Amino acid sequence: MPELASRAHMQNIVPVVDTAIKEAGISLSDLSAIAFTQSPGLIGSLLVGAQFAKSLSLALQIPLIAVHHMQAHVLANLVEEPKPSFPFLCLTVSGGHTQIVQCLSPFDMKIIGETIDDAAGEAFDKSASLLGLPYPGGPLVDKYALDGNPGRFSFPEPQIPGLNFSFSGLKTSILYFLQNAGKSHIHKEIYLATEEEQQQFIKDNLADLCASIQDRIISILLNKLKKASIQTGITEICIAGGVSANSGLRSALVDMGKKYKWNTFIPPFQYCTDNAGMIAITGYYKYLNKDFVPLSEGASAKATW
Ligand code: KG4
Ligand code: ZN
């Protein structure tokens with residue numbers, strides 16, 4: 001509901017900034033610059049942030065910095081120690097994006113692989129919705145998967161060349177699997193279950209379904225990450241974005257890192273899903289580089305990365 005989201009931004013932006021300043025124990029006059037999320041996102045909400053940031057920078061006579069949301073997810077890895085050193089690879093997995101980014105410096109990043117259809121977060125959320133779980137389903141799949149057997153059901157891994165990802169086929173295979181209440185691997189002919197049978201099947205097998213779906217999403221992600229590391233020779237590996245909060249992905253990355261002698265970095269939970277800290281750290285690097293928005297441009301400025 002974009003309209004409700006931008007209204008909520010208008011209502012909350014002043015109290016949120018006030019609280020942040022108070023909790024940091026500083027005053028507005030201590031600020032050196034204002035960074036704001038320029039894109040991508042819901043346009044109405046982005047405009048509220050951009051206009052507020054512009055007004056504040058004008059009032060305080062300090063520079064304004066436009067930040068790209070996806071670059072900020074990657075740089076969330078540099079907020080706290082231990083930090084990766086350059087060059088590193090970052091697997092950025094969120095609700096709208098799935099990317100492997102090769103990072104040579106905070107200002108030199110290249111997307112070397114990305115999804116050709118759904119993002120990993122969408123794969124979690126759409127699978128969860130097929131299981132009757134509310135949006136956003138990713139955290140719930142994670143929770144139920146903890147008690148499930150990931151080897152119980154097998155969903156296909158797409159054969160996409162290079163470093164790109166695809167998740168739409170997974171969603172379709174889960175849909176068909178549920179429509180015949182898991183009988184496709186027992187009966188050769190197509191069996192169409194009634195609505196009640198499907199619901200009962202999901203209820204009886206929720207933990208195993210979540211664990212098996214999560215396991216397939218993780219193997220799709222990590223197999224491409226492994227390929228990217230071999231291709232680039234980079235063994236400094238990070239993850240970022242909302243899906244990097246997934247406990248299965250976090251532990252599978254640690255295991256893979258041990259196996260291939262990578263240095264792996266996983267941001268603390270609060271820097272995985274959308275947060276202002278990642279915008280601030282990107283603003284900090286852009287500040288050092290004097291990458292400021294001319295005040296005449298304001299909200300219409302493009303954030304490059
Ligand atoms: O980065 P993010 O907070 O927002 C976007 O920029 O999209 O990512 C949101 C996505 C949602 O799809 C949500 O279901 C997923 O991250 N997510 C998770 C978990 N926590 C958040 N997916 C799987 N397991 C989780 N624990
Ligand atoms: Zn995000």
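Keep in mind that what you see is a predicted model, and the values were worked out from it rather than measured. Just so you know, ligand 1 is whichever comes first in the structure, and atom 1 is the first atom listed for that ligand.
- Between the Asp204 side chain and the Phe201 main chain, no donor and acceptor come within less than 3.5 Å of each other.
- With hydrogens and angles left out, the side-chain atoms of Asn275 and Gln270 include no donor and acceptor closer than 3.5 Å.
- Heavy atoms of His97 found under 4.0 angstrom from ligand 1: none, in either backbone or side chain.
- In this structure, His73 counts as a contact residue of ligand 1, since one of its heavy atoms falls inside 4.0 Å of the ligand.
- Scanning all protein heavy atoms for the shortest distance to atom 3 (O) of ligand 1 gives Asp274 N, 3.1 Å.
- A donor and an acceptor atom, one from each side chain of Glu196 and Gln200, are nowhere located under 3.5 Å apart.
- Those atoms of ligand 1 with a heavy atom of Gly121 less than 4.0 angstrom away are 12 (O).
- Looking only at atom types and distance, the side chain of Ser247 has no donor-acceptor partner in the side chain of Arg250 under 3.5 Å away.
- Atom-to-atom distance recorded for His97:NE2 and His69:NE2 is 8.0 Å, nearest 0.5 angstrom.
- Proximity of Asp125 to ligand 1, defined as any heavy-atom pair under 4.0 Å, is confined to the side chain (atoms from C-beta onward).
- Atom numbering of ligand 1 starts at 1 in the shown order; those under 4.0 Å from a heavy atom of Gly96 are 7 (O).
- Summary of contacts: the protein heavy atom closest to atom 22 (N) of ligand 1 is Gly138 CA, 3.5 Å.
- For the residue pair Gln198 / Asn180, no side-chain donor-acceptor distance below 3.5 Å is found, with atom types taken as modelled.
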* List the steps and the verdict of side chain to side chain contact (heavy atoms under 4.5 Å, CB included) for Leu78 and Leu75. => CA-CA 5 Å; Leu78 302 183; Leu75 294 180; 3.6 Å; yes
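- Among protein heavy atoms, atom 15 (C) of ligand 1 sits closest to Val243 CG2, 4.0 Å.
- In terms of protein heavy-atom proximity, atom 24 (N) of ligand 1 is nearest to Asn246 ND2, 3.0 Å.
- The shortest contact between atom 10 (C) of ligand 1 and any protein heavy atom is with Gly95 N, 3.6 Å.
- Within the listing of ligand 1, atoms 3 (O) sit less than 4.0 angstrom from a heavy atom of Thr273.
- The closest approach of His69 to the Zn ion (ligand 2), by N/O/S atoms, is made by NE2.
- Closest to atom 26 (N) of ligand 1 among all protein heavy atoms lies Asp142 OD2, 2.9 Å.
- To the nearest 0.5 Å, the span separating CG on Leu178 from OG on Ser173 amounts to 9.5 Å.
- The atoms of ligand 1 that sit less than 4.0 Å from any heavy atom of Pro136 are 14 (O).
- Metal site remark for the Zn ion (ligand 2): His97 contributes no N, O or S atom at a distance under 2.8 Å.
- Atoms NZ and OG1, on Lys224 and Thr98 in that order, are 12.5 Å from each other to the nearest 0.5 Å.
- Here atom 17 (N) of ligand 1 lies nearest to Gly242 when heavy atoms of Gly242, Ser94, Ala245 are compared.
- Seen from the Zn ion (ligand 2), atom NE2 of His73 and atom OD1 of Asp274 lie 100° apart in angle, a value rounded to 10°.
- For the residue pair Ser85/Glu236, the side-chain donor-acceptor check at 3.5 Å is satisfied.
- One N or O on the side chain of Asn77 and one on the backbone of Ile239 form a donor-acceptor pair closer than 3.5 Å.
- Distances between N or O atoms of His69 and those of ligand 1 include at least one value under 3.5 Å.
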